[in-house]
Asks: 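I'd like to ask some things about the structure below.
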Amino acid sequence: MENSTSNKQHFSNTLINWYHQNKRNLPWRNTTSAYHIWLSEIILQQTRVSQGLPYYQQFTEKFPTIQDLANAQEDEVMRTWQGLGYYSRARNLHKCAKIITENFLGKFPESYKELLKLPGIGPYTGAAIASFAFKEPVPAIDGNAYRVLSRVFGLDHDLSESKTFRKFFEASGQLIPDNNPDDYNQAIMEFGAMHCTPKNPNCQECPFISSCFAYENNQQHLLPVKTKKTKVSKRHMNYLVFRHADTFFMKQRSGKDIWQGLYDFYCLESENNPDINEIEDKLLFSLLNSGAIVEHESTVYKHVLSHRQLFIRFYVIDVQSSANVQMLEQSDLIAFEKETLEEIPKPIIIDKFLKIYNGEQNLLIL
DNA sequence: AATCCGGGGTT
DNA sequence: AACCCAGGATT
């Protein structure tokens, strides 16, 4: 008859053994640098390893130390982040680098509790850094940990409820070994990512096949429990792409909307994506009356975010006169040369449009 | 407690 | 089309 203590040890030992035999060789696992561990964890929030890996390499190359990151221009940090999404991560990354550099002598605080006070570091990331860099036995609860723990132990708390985090945090806190917290946290995440996957988990070769609640009760597809689905709504965005020779007129997004800090074009939103002559806009009206020419209307692009379906249409306007250029600059639009455009951070759909548009121009020349 | 915030890969 | 990814901040 096993007591509960040995069952707990069995779980963490089995998990860690599996990890040592199956782990991927990832760059942030070969360092004890809190800077590099922190960087990887911020990048990997809500992001698959395969998507985050090239960004991690770019960041470590461009910003070898946290001082390099702190001293960088915000735009350069955002440009390096371009395409990863959830851009508040990049803004908080920069903000945090400055705090560490200016207030902490370049060293991260070494406890979970203190790490939580830094911008962009929440319960998961705080636990990851505390355990990986400083060996503090605090459980890191990410999507993988929720899935593995709920299936193996039959924990059916609803992930949609906020109190559920504490249930899993305490459950995993009972299991994490004091002498090996970093391997335990790495292991439960790697096991969830590679073996105990959301769909088609590899139960036949699973080290927990004889003790897993979900397998025994055939509930792999029911665990973890998540009742509330994110609601997706539609938005229609119409971009007036003002062009004058090789310069484009851009605007830096601010406020609480999507893509904060990134640059896009003059944007009009409506209930649809109208033809250009259906658009009523003072600036457009004035420009057209001063000789501007509509040179291209794009098809409607569908760009999907996790909580929005964006329907986006681009209207390229050749503004023609320098009088019109002045009018645009008075409307808070900033002129960028085609080459300089590459250096500013843009939403991926804007980047894609510019590549296609400029590519078409090149094709016409050939 | 509910909502917002990206982009991409899998199924 | 639905799901979800090494989640956190704001309302």
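Per chain, numbering begins at 1; letters A, B, ... match sequence-line order.
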Asks: Is it the case that the side chains of A/Asp264 and A/Tyr239 hold a donor-acceptor pair, with the cut-off being a distance below 3.5 Å and no angle test?
Replies: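 A/Tyr239 vs A/Asp264: donor-acceptor pair found between side chains.
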Asks: Would you please name every residue forming a side chain to side chain donor-acceptor pair (under 3.5 Å) with A/Thr80, sequence neighbours left out?
Replies: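 A/Thr80 satisfies side chain to side chain donor-acceptor pair (under 3.5 Å) with A/Lys62 only.
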Asks: When the P atoms of B/dG8 and C/dA9 are compared, how many Å lie between them, rounded to an integer?
Replies: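 So the two P atoms sit 24 Å from each other.
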Asks: Have a look at A/Phe153 and tell me which of A/Phe11, A/Tyr146, A/Phe213 forms a ring-ring contact (aromatic ring centres under 6.0 Å, His included) with it.
Replies: A/Phe11
Asks: Indicate whether the side chain of A/Ser270 and that of A/Asn238 have a donor and an acceptor atom separated by less than 3.5 Å.
Replies: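 On atom types as modelled, these side chains qualify, holding a pair under 3.5 Å.
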Asks: Can you see whether A/Thr125 engages A/Gln45 through a side-chain donor-acceptor pair at a distance of less than 3.5 angstrom?
Replies: yes
Asks: Among pairs that include at least one residue of residues 125-148 of chain A, which meet salt bridge (charged side-chain N to carboxylate O under 4.0 Å, His left out), considering only residues two or more places apart or in two chains?
Replies: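 For residues 125-148 of chain A, and leaving out neighbouring residues, the salt bridge (charged side-chain N to carboxylate O under 4.0 Å, His left out) pairs sorted by first residue read A/Lys135-A/Asp182.
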Asks: Is A/Lys228 paired with A/Glu161 through a side-chain N to carboxylate O contact shorter than 4.0 Å?
Replies: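 Salt bridge: no.
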Asks: With ILVMFWY side chains joined below 4.5 Å, transitively, what does A/Leu105's cluster contain besides itself?
Replies: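 Once heavy-atom contacts under 4.5 Å are chained together, A/Leu105 still belongs with nothing else.
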Asks: If you look at every strand shown and take non-hydrogen atoms under 4.0 Å, does A/Lys228 touch a base, only sugar-phosphate, or nothing?
Replies: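 If one applies the 4.0 Å heavy-atom cut-off, A/Lys228 turns out to touch the sugar-phosphate alone, with no base involved.
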Asks: Is there a residue in residues 183-194 of chain A whose heavy atoms reach under 4.0 Å of DNA chain C, and which residues are they?
Replies: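 Going residue by residue through residues 183-194 of chain A, the ones with a heavy atom under 4.0 Å of DNA chain C turn out to be A/Gln186, A/Met189.
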Asks: Does a salt bridge link A/Lys117 with A/Glu114, judged by any charged N lying under 4.0 Å from a carboxylate O?
Replies: yes
Asks: Please identify the 5'-most and 3'-most nucleotides of DNA chain C with any atom under 4.0 angstrom from a heavy atom of chain A.
Replies: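 Going 5' to 3' along DNA chain C, contacts run C/dA1 to C/dT11.
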Asks: Do nucleotides 6-11 of chain B as a string where each nucleotide becomes B, S or -: B if the base has a protein heavy atom under 4.0 Å, S if just the sugar-phosphate does, - if no protein is that close.
Replies: BBBB-S
Asks: For residues 15-41 of chain A, which residues have at least one heavy atom under 4.0 Å from DNA chain B?
Replies: none
Asks: How is A/Lys302 classified with respect to the nucleic acid when contacts are heavy atoms under 4.0 Å: base, sugar-phosphate, or nothing?
Replies: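 Sugar-phosphate, no base atom in range.
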Asks: Taking DNA chain C as the partner, which of residues 111-123 of chain A come within under 4.0 angstrom of it by heavy atom?
Replies: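 Going residue by residue through residues 111-123 of chain A, the ones with a heavy atom under 4.0 Å of DNA chain C turn out to be A/Leu118, A/Pro119, A/Gly120, A/Ile121, A/Gly122, A/Pro123.
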Asks: State whether A/Asp257 and A/Arg253 are salt-bridged, where the test is any N-O pair (Lys NZ or Arg NE/NH1/NH2 against Asp/Glu carboxylate O) under 4.0 Å.
Replies: yes
Asks: Partners of A/Arg29 by salt bridge (Lys or Arg N to Asp or Glu O under 4.0 Å), sequence neighbours excluded?
Replies: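 Once residues adjacent in sequence are excluded, the partners of A/Arg29 under the salt bridge (Lys or Arg N to Asp or Glu O under 4.0 Å) criterion are A/Glu190.
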Asks: Taking only heavy atoms on the protein side, list every residue of residues 137-151 of chain A lying under 4.0 Å from any atom of DNA chain B, sorted numerically.
Replies: none
Asks: Would you please say whether a donor-acceptor pair under 3.5 Å links the side chains of A/Asn289 and A/Ser286?
Replies: no
Asks: Does the side chain of A/Asn25 pick up a donor-acceptor pair with the side chain of A/Asn30 at under 3.5 Å?
Replies: yes
Asks: Are A/Leu333 and A/Phe265 linked, directly or through intermediate hydrophobic residues, by side-chain heavy-atom contacts shorter than 4.5 Å (ILVMFWY only)?
Replies: no
Asks: Could you tell me which residues satisfy salt bridge (Lys or Arg N to Asp or Glu O under 4.0 Å) with A/Glu205, sequence neighbours excluded, listed by chain and number?
Replies: none
Asks: Between C/dA6 and B/dT3, how many Å separate the two P atoms, rounded to a whole number?
Replies: 25 Å
Asks: Ring centres of A/Trp81 and A/Phe59 under 6.0 Å apart?
Replies: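 Between A/Phe59 and A/Trp81, which both carry aromatic rings, the centre distance is below 6.0 Å.
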Asks: Looking only at atom C1', what distance separates C/dG8 and B/dG9, rounded to whole Å?
Replies: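 Looking at atom C1' only, C/dG8 and B/dG9 are 23 Å apart.
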Asks: Just to verify, what does A/Tyr184 make a ring-ring contact (aromatic ring centres under 6.0 Å, His included) with, not counting sequence neighbours?
Replies: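 A/Tyr184 satisfies ring-ring contact (aromatic ring centres under 6.0 Å, His included) with no other residue.
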Asks: Do A/Glu297 and A/Arg313 meet the salt-bridge criterion of a basic N to acidic O distance under 4.0 Å?
Replies: yes
